[in-house]
Amino acid sequence: MLNSLRSIVQEVNSARDLGSALNIIVQRVKAVMETHVCSAYLRDGKGQYLLMATDGLNQNAVGHVSLGLGEGLVGYVAQREEPINLELATAHPKYQYFEATGEERYSSFLGVPIIHQRQVLGVLVIQQVDSRRFDEGEEAFLVTMSAQLAGVIAHAEATGVLKAMGQNAQEARFKGVAGSPGIAIGHVVVMSPAADLRGVPFRSCDDIDAELAFFQRCLGSARDDVKNLGKQLEQRLNTQERALFDAYLSMLDDASLGGEVTERIRQGVNAAYAWSEVILEHERNFSSMSDAYLRERAADIRDLGRRVLAYLQESSQQSRVFPQNAILVGEELTASMLGEVPKEQLAGLVSVQGSSNSHVAILARAMGVPTVMGAVDLPYTQISERRVIVDGYRGMLYTDPSANLLKHYEDICAEERELVKGLEALRDLPCETLDQHRVPLWVNTGLMADVVRSLERGAEGVGLYRTEIPFLLRERFPSEEEQRLIYREQLEAFAPHTVTMRTLDVGGDKSLSYFPIEEENPFLGWRGIRVTLDHPEIFLAQIRAMLKASEGLNNMRIMLPMVTSVGELESAKTLIYRAFHELVEEGYQLELPPIGVMIEVPAAVYQARELAARSDFLSVGSNDLTQYLLAVDRNNPRVADLYEPFHPAVLRALHQVVRDGHSQGASVGICGELAGDPAAAVLLMAMGYDVLSMNATNLPKVKKVIRGITLEKAEQLLDEVMAQEDAESVNRCLERGLGSGLTRLLGMPELPEVIH
Ligand code: PEP
Ligand code: MG
């Protein structure tokens, strides 16, 4: 059974479109389960479950028979969101007879919902002539099958919708995770690593003859390469191995792959996309073969495919022109891709993988670029050059927006511009409450680009300088001197304000290409201080670079990430003292910087007192603390809804840390993203946090809210919030306490009902 399951899923994956995917499903499931009927119903735009494919019922009924939620047995399965297994379907009160299907012959019925991200996409049904209940094993098989197919169907469906739209563009929306706040309206540029067969954007072509000629030229170049490669390796290969090169050459022939592609180009598809489609289809066919030798040929096809694609893309890469409001979209956007677009043309980002705490999202926030992450169902290759709206507040992407929606978002953008203008006026005003309680607002940085924006927005210091970012942007560890220069630049830019330099925090999702860490469970693995204590040579070089960089400025603090025990803090301090004394002996004029600990794992919350007693300051890393307290991977879009920093457990931990830290005389700050949420900032201030460090984009919004409230009122609100039992009640309580104007400042534009 398991093998059939795997091979069906594989076949469905390789289907060209939703229609053929559904046909494969019904035919294969019917055969494997040895039943008389298998049918697939999918929910249409009107919420009806429409018969989309069947093997066993009348084909004429396909596309015609449909049931609403709760209607008939199919609608009933969808409504109950669980399987219904009946020996005699006609005896069930929900049974409804559709003459067109010819189903009166079948007695037994098993219907299973197809559920993806809590949505019932459809219902898979098997039926049998004889009156018998399907057994437990059969039911379990169909449930497993449907769970596996749900994602594939969702993807195929979205792809189909987008493809079908063609010129009659019609609004579609895709849900992701909010990555960086703001709204962007622009045109899509699909970003894929070079020669990535799965990432080729769909484009049509107008000049078919020119495209065919271009394709032939590229094939010619690839042919020459293969011939040369064959010649170079002639001496080292036996006859059989040499035959592979001949096979490659013949695959490129017009009678083979070349011919299939030419056919598609003639239908108006551009060469690169046509080529990738043909190659992927052949690759999948070979991969699903039972013969091991033939399966291996999939790798050859892929290799050949990449070679030709590289030629097909070469000229288009060179001539790449970015539109004025470019929205970069890709499977996994990287920091270096951002660098390819001129800054003033970059409007927004959408990444299929990753979540709000992935690097690209952190960089986007630093740059103020609206971003949606984790848009897992987006068939991104199908939306090249389309007009889209990126809603970075809600994590939504709208393709081909209607005039109504466009107008709505344009209005929000205009209001935003006004708001920013208003906030700019706050730049030089202190961040203090109406009853004169002062709260320093600092920023989180990592790039030089952050510095300018931060200073422009009135930052009074840096609460977190992520040193791993310059490490991530390189191809090897930066030398001590290279690091010194980078750190010096940061320290100088902010002097005399304080800059909190965090020691290297790699591991988890932050892996250096030149220092790979492969683990089953990286967030619970070798990361942060654990790595650097195991590699004192890396740690010492960094500390020495930091200390040297601070010479004469004395505005630096050193902060240690992912500390889980007092022992780790002690070991790190020993190394810092050692580096300090060595440098003083070498003649540097240094002051020992304050040393602090990040509180970002639950163990550190419960030991905040002991850690505070041994350090100068504590700083809560609420991004990780939330993930570890709630057991929710911060990068996983599937559980993004559960990542809730207003969860009472998180709020209690935050409250306890500040009390315990202060009891030992340590200053206590916070540098997770939570500090940049104006409502959270009010609570944190009331808890007694000494410093709030956030992304530069949100700093003026936080200042605005704090300047509009008294500490007394904030404390009352905190008391009320701390009495709540869940995040929803906390959110409601904040809305009541801070008024509706906060919605705007939080950057959560109201949407008309139709869009929810
Ligand atoms: C945090 O975990 O809250 C934090 C500030 O560090 P990072 O996001 O870099 O892990
Ligand atoms: Mg962290």
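Reckoned from all heavy atoms, side chains included, excluding hydrogens, waters and symmetry mates. In listed order, ligands and their atoms are each counted from 1.
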Contact partition for [X] relative to ligand 1, non-hydrogen atoms under 4.0 Å:
X: Lys510; value: side chain
X: Val620; value: neither
X: Met559; value: neither

Atoms in ligand 1 flagged as close to [X], the criterion being non-hydrogen separation under 4.0 Å:
X: Leu464; result: 5 (C)
X: Arg502; result: 4 (C), 6 (O), 7 (P), 9 (O)
X: Gly621; result: 1 (C), 2 (O), 3 (O)

Exercise. If hydrogens are left out, which of Asn623, Thr626, Ile469 has an atom nearest to atom 1 (C) of ligand 1, that is, the closest non-hydrogen atom?
Worked result: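 That would be Asn623.
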Problem set entry | Of the listed options Glu673, Glu468, Arg634, closest to atom 8 (O) of ligand 1 (non-hydrogen atoms) |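 Selected option, by shortest heavy-atom distance: Arg634.
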For this session: Looking at Glu600, pick out the N, O or S atom nearest to the Mg ion (ligand 2) and give its name.
Result: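 When I compare the N, O and S atoms of Glu600, OE1 is nearest to the Mg ion (ligand 2).
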For this session: Report the name of the N/O/S atom of Asp624 located nearest to the Mg ion (ligand 2).
Result: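 Minimum-distance N/O/S atom of Asp624 relative to the Mg ion (ligand 2) is OD2.
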For this session: Would you kindly check if the NZ (Lys) or CZ (Arg) of Arg634 is within the cone defined by 45 degrees around the ring axis of Tyr643 and under 6.0 Å from the six-membered ring centre?
Result: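 The answer is no; the distance or angle limit is not met.
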Exercise. With the threshold set at 4.0 Å, does a side-chain nitrogen-carboxylate oxygen contact exist between Glu424 and Arg427?
Worked result: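 No salt bridge links Glu424 with Arg427.
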For this session: Assess whether salt bridge (charged side-chain N to carboxylate O under 4.0 Å, His left out) is satisfied between Lys548 and Glu480, documenting all intermediate values.
Result: CA-CA 10 Å; Lys548 284 186 196 171; Glu480 188 175 312; 2.7 Å; yes
Exercise. With ring centroids as reference points, do His662 and Tyr689 lie under 6.0 angstrom apart?
Worked result: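 Aromatic pair excluded; centres sit 6.0 Å or further apart.
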Check the side chains of [Y] and [X] for a donor-acceptor pair under 3.5 angstrom, ignoring hydrogens and angles.
X: Gln542; Y: Tyr487; result: yes
X: Thr697; Y: Arg453; result: yes
X: Asn444; Y: Ser693; result: yes

